[in-house]
Amino acid sequence: LVRELLDTTEFWLKDMDCDGVRLDVANEVPLWFWRLFNERVKKVKPEAYIVGELWGNASEYVRPGLYDAVMNYAYFRDPVNRFLGKGQGTAAEFDAALATGRLTYPSQAVEAQMNLLDSHDTVRFLTDVGGDVRRLMLAALFQMTYVGSPAIYYGDEVAMEGGRDPDCRRPFPWDFAKDAQRMRVLEHYRKLGKLRHAHVALRTGEFHTVATEGKAIAFTRKAGDEEFLVVLNASPTAATLSVDLATLGGGKRTAVDALTGERAEWSGRAALSLEPISGRVFRLTR
């Protein structure tokens with residue numbers, strides 16, 4: 001049976017040219033098998049992605065010779081759902097929950113974590129947050145600017161809803177173009193996807209939290225000459241977040257809103273105005 005499982009995996013990777021494998025209820029299979037599995041997968045296709053379905057701390061599995069990553073329920077989906085999705089807790093608590101995940105796994109694995117908002121096993125994010133599209137768009141903005149590998153469950157990009165399994169597996173709404181709200185969400189996803197794809201800092205750059213206040217948080221992503229400042233407001237009321245430019249290296253900075261093109265000159269401190277349940281992404285230069 002072990003040989004058959006490994007041979008079947010090789011068929012899908014080699015003959016069918018799949019780029020990776022997702023391992024269902026992976027904790028119910030002994031580690032000795034996953035070591036053999038990893039050896040075969042990496043021999044057939046060294047860059048293949050091995051991701052396990054584990055809902056909690058998976059540090060025993062995310063290591064060389066086992067998994068590249070896991071579905072990041074514990075250190076992405078759950079804190080994002082609570083804070084950005086439902087406005088629960090403070091930005092500082094949200095930041096602490098995220099930091100736990102970044103410190104739990106090797107840095108290479110952190111960059112590869114499967115960061116999802118929902119899945120075939122959960123209530124749809126949009127349904128879980130009471131149908132508030134602003135919260136879906138805010139969570140998507142964070143998903144596309146945070147450390148890890150964004151994973152979009154089909155239909156989230158067109159504001160699909162759905163309750164508990166199997167309702168979360170509804171057919172895709174192929175008439176989405178007739179719905180203005182669905183199109184607004186899709187254009188938001190497209191813009192964010194293009195932004196992430198265009199800038200290495202948003203994919204693999206260093207991550208630093210620079211301010212938390214109430215339900216607002218600001219963090220930077222930096223790689224080489226590229227630097228971005230991302231600010232999020234999970235509150236249903238407007239917020240102003242003050243960022244000391246000393247935390248960004250000091251001096252004067254030019255900030256361009258990467259989503260709107262709006263330009264600003266900052267010196268000393270930057271007072272960032274945020275609409276209720278919204279976020280902004282700034283490209284910073286000197």
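Every heavy atom of this structure was used, including side-chain atoms; hydrogens, water molecules and symmetry mates were not. Heads up: numbering here begins at 1 and tracks the sequence. Please read all numbers here as calculations on a predicted model, not as lab measurements.
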For this session: Look up atom OG1 in T90 and atom NZ in K215, then write down how far apart they are to the nearest 0.5 Å.
Result: 7.0 Å
Exercise. Does N27 use its side chain to pair, donor to acceptor, with the backbone of L54 at less than 3.5 Å?
Worked result: no
Seminar exercise, completed: Sequence neighbours excluded, the answer for salt bridge (Lys or Arg N to Asp or Glu O under 4.0 Å) partners of D68 is K42
For this session: Please step through side chain to side chain contact (heavy atoms under 4.5 Å, CB included) for the pair F37 and V21, ending with a clear verdict.
Result: CA-CA 11 Å; F37 184 87; V21 287; 3.6 Å; yes
Problem set entry | Ionic contact status for R164 with D167, cut-off 4.0 Å | no
Exercise. Quick check: are there more than 12 heavy atoms from other residues, nucleotides or ligands sitting under 6.0 Å from CD of E213?
Worked result: no
For this session: Identify, with sequence neighbours excluded, every residue that meets salt bridge (Lys or Arg N to Asp or Glu O under 4.0 Å) alongside R190.
Result: E187
Exercise. Among all residues two or more places apart in sequence or in another chain, which pass the salt bridge (Lys or Arg N to Asp or Glu O under 4.0 Å) test with R196?
Worked result: none
Exercise. Quick one: salt bridge (Lys or Arg N to Asp or Glu O under 4.0 Å) pairs with a partner in residues 138-156, sequence neighbours left out?
Worked result: R124-D156
Exercise. Can you say whether the rings of Y105 and Y75 are parallel (under 30°), tilted (30 to 60°) or perpendicular (over 60°)?
Worked result: perpendicular
Exercise. Hey, what else clusters with L248 if you join Ile, Leu, Val, Met, Phe, Trp, Tyr whenever side-chain heavy atoms sit under 4.5 Å?
Worked result: V210, L229, V231, L241, V243, L245, W266, L272, L274, F282, L284
For this session: Please determine if R283 and D257 form a salt bridge, counting it only when a charged side-chain N lies under 4.0 Å from a carboxylate O.
Result: no
Seminar exercise, completed: In this structure, CG of L202 is separated from CD of E226 (nearest 0.5 Å) by 7.0 Å
For this session: Using the six-membered ring wherever Trp is involved, compare the ring planes of F142 and F76 and label them parallel, tilted or perpendicular (cut-offs 30° and 60°).
Result: parallel
Seminar exercise, completed: Here the gap from L192 atom CG to M144 atom CE, rounded to the nearest 0.5 Å, amounts to 6.5 Å
Problem set entry | Within-4.5 Å side-chain heavy-atom neighbours: V185 and V158 | no
Exercise. Hey, does the side chain of H208 reach the backbone of T220 with a donor-acceptor pair shorter than 3.5 angstrom?
Worked result: no
Exercise. Is any side-chain N of the basic residue among R82 and D78 closer than 4.0 Å to the acidic one's carboxylate O?
Worked result: no
Exercise. In terms of heavy-atom contacts, does CD of E39 have more than 12 from other residues, nucleotides or ligands at under 6.0 Å?
Worked result: no
For this session: Sequence neighbours left out, what pairs pass salt bridge (Lys or Arg N to Asp or Glu O under 4.0 Å) with at least one residue falling in residues 86-111?
Result: K86-D128
For this session: Look at atom CZ of R3 and say whether more than 12 heavy atoms of other residues, nucleotides or ligands are closer to it than 6.0 Å.
Result: no
For this session: Decide whether D121 and S119 meet the rule of one side-chain donor and one side-chain acceptor closer than 3.5 Å.
Result: no
Exercise. Hydrophobic clusters join Ile, Leu, Val, Met, Phe, Trp and Tyr when side-chain heavy atoms are under 4.5 Å apart, directly or via other members; which others share one with V51?
Worked result: Y49, W55, M71, Y73, M114, L116
Exercise. If only atom types and distance count, is the side chain of T122 paired as donor or acceptor with the main-chain N or O of D118 below 3.5 Å?
Worked result: no
Exercise. When rounded to the nearest 0.5 angstrom, what is the spacing between NE2 in H120 and OH in Y154?
Worked result: 10.5 Å
Exercise. Apart from W12 itself, what residues make up its hydrophobic cluster, given side-chain heavy atom links below 4.5 Å?
Worked result: F11, M16
Problem set entry | Pairs satisfying salt bridge (Lys or Arg N to Asp or Glu O under 4.0 Å), at least one member in residues 23-33, at least two apart | R22-D24
Exercise. What is the distance from atom CG of L6 to atom CZ of R40, rounded to the nearest 0.5 Å?
Worked result: 5.0 Å
Exercise. Is F33 close to L5 at the side-chain level, that is, under 4.5 Å between some pair of heavy atoms?
Worked result: yes
For this session: Please check if atom CG in D225 has more than 12 non-hydrogen atoms from other residues, nucleotides or ligands closer than 6.0 Å.
Result: no
For this session: Start with the C-alpha distance between K45 and D19, add both sets of side-chain angles, then the distance that settles side chain to side chain contact (heavy atoms under 4.5 Å, CB included), and finish with yes or no.
Result: CA-CA 8 Å; K45 186 173 287 189; D19 292 323; 3.8 Å; yes
Exercise. With distance as the sole criterion, is a donor-acceptor pair present between the side chains of W34 and Y67 under 3.5 Å?
Worked result: yes
Exercise. Only one of L84, L136, N81, V129 clears side chain to side chain contact (heavy atoms under 4.5 Å, CB included) with L117; which?
Worked result: L136
For this session: Please collect all salt bridge (Lys or Arg N to Asp or Glu O under 4.0 Å) contacts where either partner lies in residues 232-242, sequence neighbours excluded, each pair once.
Result: none
Exercise. F228: what forms a ring pair (Phe, Tyr, Trp, His ring centres under 6.0 Å) with it, not counting sequence neighbours?
Worked result: H199
Exercise. Any side-chain heavy atom of R280 sitting closer than 4.5 Å to one from L259?
Worked result: no
For this session: Without swapping roles, check the side chain of D175 against the backbone of K178 for a donor-acceptor pair under 3.5 Å.
Result: no
Exercise. Between the side chain of R77 and the main-chain N/O of A74, is any donor-acceptor distance below 3.5 Å?
Worked result: no
Problem set entry | By salt bridge (Lys or Arg N to Asp or Glu O under 4.0 Å) - contacts of R35 (at least two apart) | none
Problem set entry | More than 12 heavy atoms of other groups within 6.0 Å of H197 NE2 | no
Exercise. Is the closest basic N to carboxylate O distance between E265 and R263 below 4.0 Å?
Worked result: yes
Problem set entry | Reported CZ-to-OG1 distance for the pair R221 and T204, which is rounded to 0.5 angstrom | 7.5 Å
For this session: Could you tell me whether a side-chain N or O of Q143 sits under 3.5 Å from a main-chain N or O of A151, the two making a donor and an acceptor?
Result: yes
Exercise. So do V70 and Q113 actually touch side chain to side chain, heavy atoms under 4.5 Å?
Worked result: yes
